[in-house]
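Only this structure's heavy atoms are used, side chains among them; waters, hydrogens and symmetry mates stay out.
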Number of protein chains: 2
Amino acid sequence: MSGRTVTIAQVAKHAGVAVSTVSYVLSGKRTISADTRRRVLDSISALGYHPNAGARALASKRSNVIALVLPLRAGMHVPVLMRFASSVVTAARRYDHDVLLLTADEGTEGILRVAASALVDALVLMDVELDDRRVPLLRELAEPSVLIGFPAEPAGLTCVDLDFAAAGARCVEHLAERGHEEIALLGAPSVVYDRGTGFATRTREGFVAALGDHGIKGVALPCEETFDEVYETVRDLLLDHPGLSGLVVHNEAAVSHVLAALRQLGRRVPHDVAVVAICPDDVAERAGPPLTSVLIPAEEVGREAVRLVMEKLEGRTVPDATLLTPLLAVRAST
Amino acid sequence: MSGRTVTIAQVAKHAGVAVSTVSYVLSGKRTISADTRRRVLDSISALGYHPNAGARALASKRSNVIALVLPLRAGMHVPVLMRFASSVVTAARRYDHDVLLLTADEGTEGILRVAASALVDALVLMDVELDDRRVPLLRELAEPSVLIGFPAEPAGLTCVDLDFAAAGARCVEHLAERGHEEIALLGAPSVVYDRGTGFATRTREGFVAALGDHGIKGVALPCEETFDEVYETVRDLLLDHPGLSGLVVHNEAAVSHVLAALRQLGRRVPHDVAVVAICPDDVAERAGPPLTSVLIPAEEVGREAVRLVMEKLEGRTVPDATLLTPLLAVRAST
DNA sequence: TGAGAGTGTCGAAGCGCTTCGACGACCGGC
DNA sequence: GCCGGTCGTCGAAGCGCTTCGACACTCTCA
């Protein structure tokens, strides 16, 4: 609408007020009479005014942009990431912020760049590793940040995540209640464990600990993502553990391969083998048969991360660690 | 590094030159002696200077940020999107630009906002529909834009995409060469066709046209994404077409279900039914058996979109349409 | 009724950068 | 030895916004 860029000065002239008055109408930082406010707002929409982001950032020292740092590496669950990303964008908009996307291949450099240049006010980082190179940098930074996931040494940081240990335990509990006495966990590809990614490790720990609590037997194995490898893993697992009747799968890409392998090996789900997955709801629902699953609450995690980082921007203190309770949805596979 | 924000004035003082000289060293818009340049660069790294993005944007009328508008709707191939996004970020960085992430649920509003506020210099839009509400807006906008995908009326726009018609045809050609005489296309869920999404429709058209060219029989069907629905579709298909010996699958989420369904129906791949997929390479490789596929060159499309939008930013004219040639990789499934 | 306490608005001073015009220094050509 | 042309550098004028202090009013209460 309208010709070229409209400035606040033009709005002020059109409304017959001072530039600062327009600014205060927009920010609400000083009281303005209802009458003046109306006139200003009318002029704004008449002229199609949009405040210049650069000028605003320069004068106010706030860009109203937050950085979202994504990984994009081998072994990541890409669709889950996407949901995080999308929920972060949606949540940020509710605080009148936009989201700048950074990929980790730019590494530490990129984070420093956008923070030091005041391109962003704050950062949200995803896929944090136990020993993450970015963590020391974050501690130095003036800009507030929130991590999705936990590094090995989270002191002085703000972290949010699903409680994966509880998720692993919850799966064991569910299978134990159903009377299974020997179960297995098929986890992430071994490269993910080697990298020390927290969520994979913590799920396994929760799983193992819960075995003892319920007095049942179980093993935890990494799980690659090609059909042939999954098939072999499942076949060997069933061979080595004839009494095994329950399976926990924490690997989104492998879920459908596991089910196909079981079918091919003549095991019916849930009759011969019960299966619980830890994955997004839609993957679980789409599987054949639909899987009992602990859902990964991507939307909630993203929203919470944004909420926390906004609180920090306002100068408020927030809890260091936020763990979201896993929810188990029972479907046809157990 | 260093205490608080370092400004160009401090760098200038430290190096013993004028502020404008520092600016010209950074931008290269005027010749600077080698000696002075060295001194300035030394000061910059000694002080840890990073130009303030807001000030730069205000003075130069360039934010060095481009918007990436993603869809995130039902029926989308999420992992493919992610690769586009990641390649766009990487490519943009090579032009010294960052990427602002917008989701389509903000709709036309968001595009107008970031463009009018000069938050971004240019836009890249993904998942364009045949009749896209955003298209008219783009035509009005002063900021250059590039679409990934084609709307029904692409005049006056710049569009990039894989040549899906050629991809569909290429699959037919491959199966015809292998001697198959009756084949089928399993496409996107019907909701995607109903929405008028270009790539699904164009693949089908290319497929159908190529059938005639090679004188073979074939049908094209939509394909839902739950295992049970896929199973039924495949079963009915084989029932209705006893002579059918080749399958083209253009639906990433359904690929593994199709293979599982065939196994369950006692059809061996490729012995009884040959399968070609149109999907990202890693999905094809990970399947059992690894699939002959037309790969979706996400990286290339993203890179090309960024290149085009940068050309437009420089004021150069670019071709309206860029279609990338599909490449078929032969694997174990045909 | 006049001091004090709000209200509502204005003007001006920056925020940190880019860019334009100006200007000295130095060059070669005649 | 003087003139025009480069080359390298400087100073200053903005870019469009926020924010601070000031100021004119209007209330309120002693």
Report all side-chain donor-acceptor pairs from residues 16-31 of chain B shorter than 3.5 Å, counting only partners two or more places apart or in another chain.
from  : atom 1 : to    : atom 2 : distance (Å)
B:S27 : OG     : B:S23 : O      : 3.3
B:S27 : OG     : B:K29 : N      : 3.3

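Within the structure, a side-chain polar atom (N or O) of A:Y49 is placed less than 4.0 Å from OP1 or OP2 of D:dC17.
The two residues B:I66 and B:A92 have their closest heavy-atom pair at CD1-CB, 4.0 Å.
Scanning for salt bridge (charged side-chain N to carboxylate O under 4.0 Å, His left out) contacts around A:D121 gives an empty result, with sequence neighbours left out. Partners of A:R94 under the side chain to side chain contact (heavy atoms under 4.5 Å, CB included) rule, at least two apart in sequence or in another chain, are A:T90, A:R303. B:K13 is linked by a side chain to side chain contact (heavy atoms under 4.5 Å, CB included) to nothing, counting only residues two or more places apart in sequence or in another chain. By the side chain to side chain contact (heavy atoms under 4.5 Å, CB included) test, B:E311 is found to be paired with B:R307, B:R316, B:V318, residues two or more places apart in sequence or in another chain being considered. Residues passing the salt bridge (charged side-chain N to carboxylate O under 4.0 Å, His left out) test with A:D96 are A:R93, sequence neighbours excluded. Every residue was checked against the salt bridge (charged side-chain N to carboxylate O under 4.0 Å, His left out) condition with A:R37, not counting sequence neighbours, and none meets it. Partners of A:V89 under the side chain to side chain contact (heavy atoms under 4.5 Å, CB included) rule, at least two apart in sequence or in another chain, are A:V99, B:L101, B:T103.
Rounded to an integer number of Å, the gap from B:L26 CG to C:dT19 C1' is 14 Å. If you take CG of A:L119 and C1' of C:dG16, they are 14 Å apart, rounded to a whole angstrom. Here the P atom of nucleotide C:dT7 and the CZ atom of A:R37 are 15 Å apart, to the nearest Å. Between the C1' atom of C:dG11 and the NZ atom of A:K13 lies a distance of 17 Å, rounded to the nearest Å. The separation between A:Y24 atom OH and C:dT9 atom P is 13 Å, rounded to whole Å.
Distance OG/A:S87 to CD/A:E300: 10.0 Å, rounded to 0.5 Å.
Sorted by first and then second residue, the salt bridge (charged side-chain N to carboxylate O under 4.0 Å, His left out) pairs with a member in residues 41-62 of chain A read A:R38-A:D42; sequence neighbours excluded.
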Could I get a table of every N or O pair under 3.5 Å where one atom is in the protein and the other is in nucleotides 12-15 of chain C?
from   : atom 1 : to    : atom 2 : distance (Å)
C:dC15 : O3'    : A:K61 : NZ     : 3.4

I'd like a table of atom pairs between the protein and nucleotides 5-8 of chain D - only N or O on both sides, under 3.5 Å - with the distance next to each one.
from  : atom 1 : to    : atom 2 : distance (Å)
D:dG8 : OP2    : B:T31 : OG1    : 3.0

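In the set D:dC17, C:dC17, D:dT18, D:dC17 carries the atom at the smallest distance from any side-chain atom of A:N52. For B:R56, whose side chain is taken as the heavy atoms from C-beta onward, the closest listed nucleotide among C:dT19, C:dC17, D:dC17 is C:dC17.
The rotation axes computed at either terminus of the helix from C:dT1-D:dA30 to C:dC30-D:dG1 lie 40° apart, taking five pairs at each end and rounding to 10 degrees.
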